[in-house]
*Asks:* 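Please read through the structure below; I'll follow up with questions.
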Amino acid sequence: AMTQAPYVLDELARPTVLQALQEVCAHRRWTLLAAHVRTNHVHAIVEADARPEKVMNDFKSYASRALNRVEDGTERKRWAHHGNTRWLWEDQNVREAIRYVIEEQGEPMAFFVAEMF
């Protein structure tokens with residue numbers, strides 16, 4: 001039951017969110033391997049010493065604060081209640097996930113790939 005119209009990440013919002021992901025990773029000493037901020041969702045591959053749900057919640061918090069600084073509408077609901085989180089245990093699975101996030105999402109938008117890939 002949505003109480004607001006769907007939120008769209010536009011040309012200003014997408015790089016803002018990407019920078020927020022990079023900032024939280026630097027602050028928490030996590031490694032951002034890849035990220036792709038789309039108009040209505042975000043993909044991220046992260047090496048972290050935390051559960052995926054913690055990473056996702058921190059991403060949402062940092063991104064919301066960053067968006068509040070550049071947009072009017074601090075009461076705006078931007079994120080779904082949860083999201084899809086997944087553990088990737090094998091290097092091959094990580095490489096496949098990075099390829100999917102960067103190459104199989106359609107037109108490239110705001111994205112990041114670690115230099116090692």
Side-chain angles (χ1 to χ4, degrees):
M2 292 176 54
T3 59
Q4 297 179 348
Y7 179 74
V8 176
L9 293 159
D10 63 16
E11 293 80 15
L12 175 64
R14 289 190 297 266
T16 300
V17 170
L18 182 59
Q19 182 176 358
L21 301 183
Q22 293 169 314
E23 287 174 7
V24 69
C25 286
H27 179 73
R28 300 274 188 243
R29 295 188 175 145
W30 299 338
T31 303
L32 184 61
L33 300 175
H36 200 162
V37 182
R38 308 292 298 165
T39 57
N40 63 357
H41 66 283
V42 178
H43 289 279
I45 312 295
V46 181
E47 185 177 332
D49 60 351
R51 298 185 59 77
E53 295 79 13
K54 162 81 171 143
V55 174
M56 181 180 56
N57 288 334
D58 283 7
F59 280 176
K60 288 178 180 181
S61 294
Y62 272 68
S64 292
R65 282 193 297 272
L67 289 167
N68 288 343
R69 288 191 295 270
V70 299
E71 294 179 348
D72 183 31
T74 58
E75 299 300 317
R76 184 68 167 103
K77 293 182 181 178
R78 297 183 177 104
W79 314 113
H81 175 66
H82 192 268
N84 186 358
T85 58
R86 188 177 310 170
W87 294 90
L88 300 173
W89 297 106
E90 304 292 329
D91 287 344
Q92 181 61 29
N93 298 122
V94 172
R95 284 191 296 277
E96 289 170 2
I98 291 170
R99 185 186 58 73
Y100 172 78
V101 164
I102 300 303
E103 297 177 8
E104 294 188 26
Q105 293 300 304
E107 174 188 344
M109 295 190 177
F111 68 93
F112 167 85
V113 181
E115 289 184 19
M116 63 185 88
F117 294 97

*Asks:* Might you confirm whether atom CD of Glu90 has over 12 heavy atoms from other residues, nucleotides or ligands at distances under 6.0 Å?
*Replies:*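 Counting other residues, nucleotides and ligands, CD of Glu90 stays at 12 neighbours or fewer.
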*Asks:* With rounding to the nearest 0.5 angstrom, report the CG to CH2 distance, Leu33 to Trp30.
*Replies:*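 Output value for this atom pair is 13.0 Å.
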*Asks:* Under the 3.5 angstrom rule, does the side chain of Arg38 hit a backbone N or O of Gln105 as a donor-acceptor pair?
*Replies:*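 Flag set: sc Arg38 to bb Gln105 pair under 3.5 Å.
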*Asks:* To the closest 0.5 Å, what do you measure between CG (Asp10) and CE (Met109)?
*Replies:*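 Answer for the CG-CE pair, Asp10 versus Met109, is 11.0 Å.
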*Asks:* If two hydrophobic side chains count as joined below 4.5 Å and joins carry through other members, does Val101 share a cluster with Val46?
*Replies:*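 Cluster IDs for Val101 and Val46 differ.
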*Asks:* Specify the closest pair of heavy atoms between Leu88 and Ala97, including all atoms of both residues, with the distance to one decimal.
*Replies:*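 In this case the closest contact between Leu88 and Ala97 is CD1-CB, 3.7 Å.
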*Asks:* Measure the shortest side-chain to side-chain distance between Lys54 and Asn57 over non-hydrogen atoms and say whether it is less than 4.5 angstrom.
*Replies:*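 No. Closest side-chain heavy atoms not under 4.5 Å.
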*Asks:* Mind checking the CD-CZ spacing from Gln22 to Phe59? Nearest 0.5 Å is all I need.
*Replies:*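 These two atoms lie 9.5 Å from each other.
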*Asks:* Can you find a pair of side-chain heavy atoms, one from Leu9 and one from His41, that are under 4.5 Å apart?
*Replies:*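 Result no, sub-4.5 Å side-chain heavy-atom pair not found.
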*Asks:* Roughly how far, to the nearest 0.5 Å, is CZ of Phe112 from CD1 of Ile98?
*Replies:*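 Between Ile98 CD1 and Phe112 CZ, I get 9.5 Å after rounding to 0.5 Å.
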*Asks:* Please confirm whether the backbone N or O of Arg78 pairs with a side-chain atom of Lys60, one donor and one acceptor, at under 3.5 Å?
*Replies:*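 No, Lys60 side chain to Arg78 backbone: no donor-acceptor pair under 3.5 Å.
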*Asks:* Side-chain heavy atoms under 4.5 angstrom apart, residues restricted to Ile, Leu, Val, Met, Phe, Trp, Tyr: same cluster for Leu67 and Val24?
*Replies:*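 Yes, same cluster.
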*Asks:* Where does the angle between the aromatic ring planes of Tyr100 and His43 fall among parallel (under 30°), tilted (30 to 60°) and perpendicular (over 60°)?
*Replies:*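 Because their plane-to-plane angle is over 60°, the rings of Tyr100 and His43 count as perpendicular.
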*Asks:* Which heavy-atom pair separates Ala13 from Glu71 by the least distance, and what is that distance?
*Replies:*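 So the minimum-distance heavy-atom pair works out to CB-OE2, 3.8 Å.
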*Asks:* Could you check whether any side-chain heavy atom of Val42 comes within less than 4.5 Å of a side-chain heavy atom of Trp79, counting everything from C-beta outward?
*Replies:*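 Side-chain contact under 4.5 Å: yes.
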*Asks:* Counting neighbours of CD on Glu47 that are heavy atoms of other residues, nucleotides or ligands and sit closer than 6.0 Å, is the number greater than 12?
*Replies:*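 Open: at most 12 neighbouring heavy atoms sit under 6.0 Å from CD of Glu47.
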*Asks:* Taking all non-hydrogen atoms of both residues into account, name the closest pair between Leu18 and Ala110 and its distance.
*Replies:*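 Answer, listing the atom of Leu18 first, then Ala110: CD2-C, 3.9 Å.
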*Asks:* Rounded to the nearest 0.5 Å, what's the gap from OG1 on Thr16 to CD on Glu11? Could you check?
*Replies:*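 Going from the OG1 atom of Thr16 to the CD atom of Glu11 covers 11.5 Å.
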*Asks:* Just wondering, do Leu21 and Tyr62 contact through their side chains at under 4.5 Å, heavy atoms?
*Replies:*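 With C-beta onward as the side chain, the pair stays apart.
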*Asks:* How close do Ala35 and Ile102 get, counting heavy atoms only, and between which atoms?
*Replies:*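 Scanning both residues completely, I find the closest heavy atoms to be O-CD1, 3.8 Å.
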*Asks:* Val17 vs Arg14, test: side chain to side chain contact (heavy atoms under 4.5 Å, CB included). Steps then yes/no.
*Replies:* CA-CA 5 Å; Val17 170; Arg14 289 190 297 266; 6.0 Å; no
*Asks:* Count the heavy atoms of every other residue, nucleotide or ligand shown that sit under 6.0 Å from CZ of Phe111, and state whether that count exceeds 12.
*Replies:*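 No - once you tally the heavy atoms of other residues, nucleotides and ligands closer than 6.0 Å, there are 12 at most.
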*Asks:* Report the distance from atom NZ of Lys77 to atom OG of Ser64, rounding to the nearest 0.5 Å.
*Replies:*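 So the gap between those two atoms works out to 12.5 Å.
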